Colleague: 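Provided herewith is a single structure, encoded as structure tokens, for subsequent inquiry.
None of the values given here were measured: they were computed from a predicted structure.
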Amino acid sequence: MRRALAVLAAVPLILFAAACGDSDSGATGGGDASAGVKVTGTVGAKPTVAFPTGTPASKSSYEVLAEGTGPAVKSGDKVIVNLTVYNWDGKDNAFQGSSYDTKTPETIGVDQQLPQVLQEGFTKVKHGGRLLAVMAADSAAQQGQATPTKVFVLDVVGSPPEALKAATGKETGETLKGVKVDNPGGDKAPTLTTKTKDKPSKELVVKTLIEGTGAKVQAANTLTVHYTGKIWGTDKEFDSSWGKSEPASFPLGNVIQGWQKGLVDVPVGSRVVMSIPPDLGYGAQEQQGIPGNSTLVFVVDVLAAY
């Protein structure tokens, strides 16, 4: 999903770094927790970050700026975080973005996909806490790359709701001409077939195959979904979450327009099939083996929205 739908913005930026940092809080941390980075502002609002002069830190570390008062974060948890990111190059120290500006917090798994220093740092805070992390050249995510040291300020908002295993509800009997979807029932993946001589619509087409009973998706939501994507007319599958270890989670505002328009107001628990014309997908540009001007077809199970 993250590759085929070009939603790198939906991949937590934290995955491209490892941590090192400091602030004026005096809190303990890992590694060199006195790198000179200063963070001010209250948890729950966009922080202000000031950098020391001289060479950026070369060793990754973390520092707990505010412990928080909610449940403790444990290894294996998924947490919703607001994050603010800078490049620390000792010159411009350029601001890279903040979810406080976009109003789209990230969902991060505290697991082995994170750099070790972040796995450790997250387990030292609670919900409502703030963590400062600097990803330096010693991070596994940074080694061999001529990229600036990354600085993250991460506020732990909470945990995502438990997601469904698959779509649940009543089959509607709706179909999309030229496309076949077999619904095996239970938690099994649907089978999508897009080999057809029918011409695709030039407009977005969304058909509800199974109608869920949960809350309706809002444009600002983060979604958890299972999906399969194929190219109209060829039956070529270019991506699917079903064969992976878990469903995909991402802010709806960070994916292609066809998803943004097609999934708003869909109830959680639903299974929909969408035919997405090029102007709401990838346009004329080839993307990861998907030819330019392709009509994309997705069958999507909406498992959670928050």
Side-chain angles (χ1 to χ4, degrees), residues 1-12 15 76 78 80 104 106-109 111 113 159-172 174-176 179-194 204-219 221-232 235-276 281 288 290 296-306:
M1 172 73 173
R2 292 178 173 89
R3 182 188 70 255
L5 292 184
V7 289
L8 286 179
V11 179
L15 297 181
K78 286 189 175 182
I80 303 170
T104 53
E106 304 282 1
T107 300
I108 296 174
D111 53 33
Q113 294 186 51
S159 296
E162 185 175 355
L164 299 169
K165 300 296 184 183
T168 60
K170 182 188 297 184
E171 292 196 31
T172 65
E174 287 192 355
T175 59
L176 175 59
V179 172
K180 182 179 179 182
V181 180
D182 290 322
N183 298 309
D187 296 341
K188 296 180 180 179
T191 301
L192 173 65
T193 304
T194 61
L204 173 68
V205 181
V206 182
K207 297 293 185 180
T208 300
L209 308 179
I210 296 174
E211 186 169 10
T213 58
K216 292 184 177 180
V217 171
Q218 304 298 311
N221 282 162
T222 291
L223 303 187
T224 300
V225 303
H226 264 316
Y227 66 93
T228 296
K230 289 188 173 184
I231 298 172
W232 183 285
D235 207 40
K236 178 184 177 183
E237 180 180 304
F238 55 85
D239 200 9
S240 179
S241 66
W242 285 98
K244 301 174 184 177
S245 59
E246 59 184 13
S249 294
F250 51 85
L252 183 57
N254 286 349
V255 294
I256 59 175
Q257 286 290 310
W259 279 62
Q260 293 184 45
K261 295 177 180 294
L263 293 181
V264 166
D265 289 334
V266 172
V268 172
S270 297
R271 174 172 294 161
V272 300
V273 60
M274 300 189 291
S275 171
I276 300 176
Q288 300 290 333
I290 301 172
L296 310 178
V297 183
F298 290 93
V299 58
V300 182
D301 285 15
V302 180
L303 306 178
Y306 53 95

Colleague: Ignoring hydrogens and angles, tell me if any N or O in the side chain of Asn254 forms a donor-acceptor pair with the backbone of Pro251 under 3.5 Å.
Modeller: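 Side chain of Asn254 to backbone of Pro251: no pair is present.
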Colleague: Measure the OG-CG distance between Ser270 and Leu263 for me, rounded to the nearest 0.5 Å.
Modeller: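 It comes to 10.0 Å.
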Colleague: Is the shortest distance from a Lys or Arg side-chain nitrogen in Arg271 or Asp301 to a carboxylate oxygen in the other one below 4.0 Å?
Modeller: yes
Colleague: Starting at CD of Glu162, measure out to CG of Leu303 and round the result to the nearest 0.5 Å.
Modeller: 11.5 Å
Colleague: Apply side-chain contact (heavy atoms from CB on, under 4.5 Å) to residues Leu296 and Ile256 and explain how you reach the verdict.
Modeller: CA-CA 11 Å; Leu296 310 178; Ile256 59 175; 4.1 Å; yes
Colleague: For residues 186-194, please give each side-chain donor-acceptor pair under 3.5 Å, one per line with the distance, not counting sequence neighbours.
Modeller:
unit_1 : atom_1 : unit_2 : atom_2 : d
Thr194 : OG1    : Ile231 : O      : 2.9
Thr194 : OG1    : Asp235 : N      : 3.2

Colleague: Indicate the atoms forming the closest heavy-atom contact of Val266 with Gly262, along with that distance.
Modeller: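 The pair with the smallest heavy-atom distance is CG2-O, 3.6 Å.
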Colleague: Describe, in one word, how the ring planes of His226 and Trp242 are oriented to each other, choosing from parallel (under 30°), tilted (30 to 60°) and perpendicular (over 60°).
Modeller: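 Plane angle under 30°, so parallel.
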Colleague: Which heavy-atom pair separates Met274 from Val300 by the least distance, and what is that distance?
Modeller: CE-CG2, 3.9 Å
Colleague: Please test Ser275 against Leu176 for side-chain contact (heavy atoms from CB on, under 4.5 Å), starting from the C-alpha separation and ending with a verdict.
Modeller: CA-CA 8 Å; Ser275 171; Leu176 175 59; 3.9 Å; yes
Colleague: Quick check: does any side chain N or O of Ser241 sit under 3.5 Å from a backbone N or O of Pro247, one acting as donor and the other as acceptor?
Modeller: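 Not a single qualifying donor-acceptor pair exists.
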Colleague: Go through Val255 and Gln260 one step at a time and tell me if the side-chain contact (heavy atoms from CB on, under 4.5 Å) criterion holds.
Modeller: CA-CA 7 Å; Val255 294; Gln260 293 184 45; 4.3 Å; yes
Colleague: Val302 and Leu164: which non-hydrogen atoms are nearest, and at how many Å?
Modeller: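 Taking every non-hydrogen atom into account, O-CD1, 4.4 Å.
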Colleague: Just do the side-chain contact (heavy atoms from CB on, under 4.5 Å) check on Trp259 and Val225 with the steps written out, would you?
Modeller: CA-CA 12 Å; Trp259 279 62; Val225 303; 4.1 Å; yes
Colleague: Grab the two heavy atoms, one from Val217 and one from Ala305, that are nearest each other, plus how far apart they are.
Modeller: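 So the minimum-distance heavy-atom pair works out to CG2-CB, 4.2 Å.
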Colleague: Applying salt bridge (Lys or Arg N to Asp or Glu O under 4.0 Å), can you list everything that pairs with Glu246, at least two apart in sequence or on another chain?
Modeller: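 Residues passing salt bridge (Lys or Arg N to Asp or Glu O under 4.0 Å) with Glu246: Lys78.
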Colleague: State which residue, out of Thr222, Thr107, Asn221, fulfils the side-chain hydrogen bond (donor to acceptor under 3.5 Å, both in side chains) condition with Tyr306.
Modeller: Thr107
Colleague: What is the distance from atom OG1 of Thr172 to atom CD1 of Ile210, rounded to the nearest 0.5 Å?
Modeller: 8.5 Å
Colleague: Give, for atom CD1 of Ile80 and atom OG of Ser159, the distance between the pair rounded to the nearest 0.5 Å.
Modeller: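 Going from the CD1 atom of Ile80 to the OG atom of Ser159 covers 7.0 Å.
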Colleague: For the residue pair Gly281 and Ile276, what are the closest heavy atoms and their distance?
Modeller: N-CG2, 3.9 Å
Colleague: Which heavy atom in Ser240 sits nearest to a heavy atom in Thr228, and how many Å separate them?
Modeller: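 The pair with the smallest heavy-atom distance is OG-OG1, 3.0 Å.
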